Chemist: 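For reference, the structure I am asking about is given below.
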There are 2 protein chains.
Amino acid sequence: MSEKRAVTMDDIARLAQVSKPTVSRALNNSPLVKERTRNRVLAVAHEQGYAVNRNAQKLRRKRTNTIAVSLDFGSHQQGHIADPFMFELLAGVSEALGDRNQDLLLCAPKHNDADAFQNILWSRGADGFIVLGQGHREDMLNDFARTGAPLVVWGAGADDAEYCVVGSDNFLGGKLAGQHLLRKGGRRLAFVGDTSFREIGLRYSGLVRAASEKPYDVVTDHVDLHSFSYDAAYEAALRYLDVTEQRPDGLFASNDTVAMAFISAFRDSNIDVPGEISVVGYNDIPTAAYFTPRLTTIRQDIYQAGRVLVAKLMRILDGETPDSALIKTEIIVRQT
Amino acid sequence: MSEKRAVTMDDIARLAQVSKPTVSRALNNSPLVKERTRNRVLAVAHEQGYAVNRNAQKLRRKRTNTIAVSLDFGSHQQGHIADPFMFELLAGVSEALGDRNQDLLLCAPKHNDADAFQNILWSRGADGFIVLGQGHREDMLNDFARTGAPLVVWGAGADDAEYCVVGSDNFLGGKLAGQHLLRKGGRRLAFVGDTSFREIGLRYSGLVRAASEKPYDVVTDHVDLHSFSYDAAYEAALRYLDVTEQRPDGLFASNDTVAMAFISAFRDSNIDVPGEISVVGYNDIPTAAYFTPRLTTIRQDIYQAGRVLVAKLMRILDGETPDSALIKTEIIVRQT
DNA sequence: AATTTTTTTGTAATGCGTTTCAGAAACAAG
DNA sequence: CTTGTTTCTGAAACGCATTACAAAAAAATT
C-alpha cells in the first residue's frame, strides 16, 4: 500500500503549465481565465483525479459551506425513536442542503448546550445552524442568536424570539383537530400532551379556540404527559381512564405516537374508537395511515419545511433577517 | 453589528505572553508544556472565547476527525420514510461517533455514486465512510474499497467483499423466523421481499433452511416485491391473495412495514392473523410493538450496530483490516 | 562552580488554496 | 508602428495551526 502524497494544486499547475492562481480560477469558473486555458487545466485536473482540499479552501475563504444540524435526540430512548417525525424533517433538510451544495454536519445529542454550539461556529466547523426541535431551550437559543449566530429553528417561536423560527401552524393545527372532533359530535374534548412545549401549548390553544367558537358548551380537558414514547403514553391512558369520571368523546393527542397509544389503551379497555371516542393525532407519521383504525391527523409539508429552513438560513448568511414562517398545515381525515 | 476579526492562536500567544507553539501544545495537552504555563494559556483562551480553527487544524494535521455517513434514502419516497430502521441506525452511529469525538458528515442522497464518495475523500472532507445500506451498490463499493478508501458498510457481505461489512445475522434471522412459523404449525410458508438484495436473500435462505430441517414437508413460497413502502406492499398482498391457489399459513416479510401491510390486507380480506396465518417481520421498528396484533419480528441490537460500525472504521483508519461482523440478532415473539 | 542532562520554550518552515496587485499579452485605436 | 485598452496570467502574501529543530532555562551531577 503506497503512501502516496496527495496531488495538490501546484501539481496541476505544473502539469498544465500554468500558475497556481490560474488553476484556482479555472476550477472556480472565474471569467478571468481564457476558455482554452481552462479546458487544459480541467483536463489535467480530471485526469489526475484532483479534488480541491476543502480544508485549505475553507481556511482561506473563511466560509465552510457547511451547516450544522442539531437533532434533538431527546426523544430517542432505549434504542427507539419515539417520534419519527424529526427524522423525516432531517431528510427534508438534508435534501434541501444538498440542492444548495451545502454540507450537513450532524450534531450529536450530547453536544447540545450553548457552548458546544458556539464552539462549532467559533472554530469554523459550520457557517450556521439549523436546530430541529427547540424543546425547552428557548433561552439558550435566544442567547445564542443574540451573539449573532446564524440560526434557524424548527418549532414555534415566542413573539419576542430573537431567532428565526419555522414551523407548523400549531394553533391552526389544533383548531382543525378541534373542529374535526366537534364535527364528529364531540362535547367533551381532551387534549393530551406536554403544553410546556410552546408548539404543543399552541395546539392546545387551537383546540380550545375551536371549542369556544361553538354556540353550545364544550368541555376541554387536558391530560398532562411529559413523554413522547408509546409506552409512557399507554400507561398514562390507562391511568387517565381510571381516574376520570366522565370519559371524553373526542381526543386530540400532541403527536401520532401518543394518539395511537391512547387508542390501543382504549381498545384494550373495550372502548370503541371512533365509535365512542374520536381521535386526532399530529404529524402524519407513516404509521398513522395504516394503524387500525386509520388515524386522523394533522400533516405538515415536510419537504417545504426543509426547503424553507434552509432558504431562511441562507438569507441570514447573506446578512438579511428573514421573518419566521409557518408551514402548510392541514388535517388528514381518516377513520378516527 | 461589528465585523470583528476572529481571535487566533497568535492573539492568545500574545496575551498569555508565550509563543504560538506553546499555545498549541497547551491546548493539545502536550506533556511538553509546564503546568503553570498551560493554565495561563488555557485561562486566556477561555476568557477570549477562543476555539481552534478546525480548518487550519485539519489542513495541517491531514486528518479531519470527520466520518462521512451515507444514508440510502432510496427507501425514502413521497415524503415518508418507508423503513424507519435506517434512521435508528443513524442515531446509533451518531452517538458512537460522538463518543469518539468524530464529526458526522451526512451525505445527501444524490451524492451516492462512486465519484462523489471518492471526492469527499480526495478533498479531505472526511477520513472515512460509513455506508448505511449497500442496496445494489456492491460493485461500486468494491471498487471504492479497492482504492484504499476506509470504508465500513452496513448490510450483508459477499464472501469476496473487499470491504468490511457489519450487519444483522440475516440468515439466522430468517431461520428464527422460520422456526417460529413452524412452531406455530406452519406447513406452507411464504416469504415476501426483494431477494435481489443480499440481506434479504439471506433471510429467505434462513427460512428455507428452517423448513428443510423438519422431518415433514414444508412448502416455501416467495412473493417478489420490489418496494419497501407500505402502500406497495398492501397492493401486492391483495394481488397475491387473488392469484394464489392455496393460501400460506405462515408469512415472513423482509421488514416490519411490509409485514404490517400484509396483515392489514389479510384483515381487510377477512383472514385472521395469527389465527389463519402467522406473520413475522424484521427490524422491530417502534410501530411493530403496538401494531394490532403486536407483531412478532426479528430485532437487531442497533446500539451495538452503531458502536461496531464505528469501532471497525477506526481500526481501519489505524491501518488494520478488521473482519466483517454480525450483530446480535434475535426473535421477539409477540402475538403474530 | 562548572558541566551535563533534562525540561521547557521559541523560531522557522509547512500544509494548500485564494486573493491582491503588478505585469504580460492580446487587441483596438490613432 | 505607437499608444491605449482590455484581457489574461503570475508572484507574493495570506489564512491559521502544527511540527521539526534549535535554543534557552532549569535541574541534576561531578
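To find a chain, count down the sequence lines: A is the first, B the second, and so on, and within it residues start at 1. Since this is a predicted model, take the numbers as computed values, not measurements.
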Chemist: Taking CD in A:Gln17 as the centre, count heavy atoms belonging to other residues, nucleotides or ligands within less than 6.0 Å. Is the count above 12?
Modeler: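 Not more than 12 within 6.0 Å, no.
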
Chemist: D:dG15 C1' sits how many Å from A:Arg63 CZ, rounded?
Modeler: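 It is 17 Å, rounded to the nearest whole Å.
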
Chemist: Can you tell me if CG on B:Asp323 sees more than 12 non-hydrogen neighbours from other groups inside 6.0 Å?
Modeler: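 Atom CG in B:Asp323 is not packed in, count stays at 12 or less.
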
Chemist: How would you list, by chain and number, every residue that makes a ring-ring contact (aromatic ring centres under 6.0 Å, His included) with A:Phe144, sequence neighbours excluded?
Modeler: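 Only A:Phe117, A:Phe129 meet the ring-ring contact (aromatic ring centres under 6.0 Å, His included) criterion with A:Phe144.
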
Chemist: I'd like to know if the side chain of B:Gln134 and the backbone of B:Ala156 have a donor-acceptor N/O pair within less than 3.5 Å.
Modeler: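 Yes; at least one donor-acceptor contact below 3.5 Å.
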
Chemist: Just the rounded figure in Å: distance from C1' of C:dG10 to NZ of B:Lys34.
Modeler: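 Taking atom C1' of C:dG10 as the reference, NZ of B:Lys34 is at 15 Å.
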
Chemist: Going from CD1 on B:Ile327 to CG on B:Leu309, what distance comes out if it is rounded to the nearest 0.5 angstrom?
Modeler: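 Here the rounded value is 7.0 Å.
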
Chemist: Would you say A:Thr22 reaches D:dT9's phosphate, i.e. side-chain N/O to OP1/OP2 under 4.0 Å?
Modeler: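 Result: no.
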
Chemist: In whole angstroms, how far is the P atom of C:dT8 from the CG atom of B:Asn39?
Modeler: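 Going from CG in B:Asn39 over to P in C:dT8 covers 13 Å.
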
Chemist: Round to a whole Å and report the spacing from CG of B:Leu32 to P of D:dA26.
Modeler: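 That distance rounds to 16 Å.
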
Chemist: Is the CZ atom of B:Arg146 crowded by more than 12 outside heavy atoms at less than 6.0 Å?
Modeler: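 It does: B:Arg146 CZ has more than 12 such atoms within range.
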
Chemist: Let me see the working for A:Arg54 and B:Asn119 under side-chain contact (heavy atoms from CB on, under 4.5 Å), right down to the final yes or no.
Modeler: CA-CA 10 Å; A:Arg54 298 183 183 200; B:Asn119 186 273; 3.8 Å; yes

Chemist: Would you mind reading off the distance between B:Arg36 atom CZ and D:dA25 atom C1', rounded to a whole angstrom?
Modeler: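 It is 13 Å, rounded to the nearest whole Å.
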
Chemist: Does B:Thr37 put a side-chain nitrogen or oxygen below 4.0 Å from OP1 or OP2 of C:dT8?
Modeler: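 Indeed not, no polar side-chain atom of B:Thr37 lies that close.
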
Chemist: Starting at atom CZ of A:Arg14, determine the distance to atom P of D:dT9, rounded to an integer number of angstrom.
Modeler: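 Computing the A:Arg14:CZ to D:dT9:P distance gives 19 Å.
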
Chemist: Roughly what angle, to 10°, lies between the helix axis at the start of the helix from C:dA1-D:dT30 to C:dG30-D:dC1 and the one at its end, five pairs per end?
Modeler: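 The angle separating the two end axes equals 40°.
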
Chemist: Show the numbers, then the answer: is there a side-chain contact (heavy atoms from CB on, under 4.5 Å) between B:Leu106 and B:Leu90?
Modeler: CA-CA 10 Å; B:Leu106 189 64; B:Leu90 175 65; 4.0 Å; yes

Chemist: Is the side chain of B:Asp127 donor-acceptor paired with the backbone N or O of B:Thr64 at a distance under 3.5 Å, no angle test?
Modeler: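 Here the side-chain-to-backbone pair exists.
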
Chemist: Check the interface with nucleotides 16-20 of chain D: list each N/O to N/O pair with the protein under 3.5 Å, or write none.
Modeler:
| residue | atom | partner | partner atom | Å |
| --- | --- | --- | --- | --- |
| D:dA17 | OP1 | B:Tyr50 | OH | 2.4 |
| D:dA17 | OP1 | B:Asn53 | N | 3.1 |
| D:dA17 | OP2 | B:Met9 | N | 2.5 |
| D:dA17 | O5' | B:Tyr50 | OH | 3.4 |
| D:dA17 | N7 | B:Lys20 | NZ | 3.0 |
| D:dT18 | OP1 | B:Gln57 | NE2 | 2.7 |
| D:dT18 | OP1 | B:Arg61 | NH2 | 3.3 |
| D:dT18 | OP2 | B:Ser24 | OG | 2.6 |
| D:dT18 | O2 | B:Arg60 | NH1 | 2.6 |

Chemist: In this structure, how many angstroms lie between the C1' atom of C:dG17 and the NZ atom of B:Lys58, rounded?
Modeler: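 One finds 16 Å between C1' of C:dG17 and NZ of B:Lys58, rounded.
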
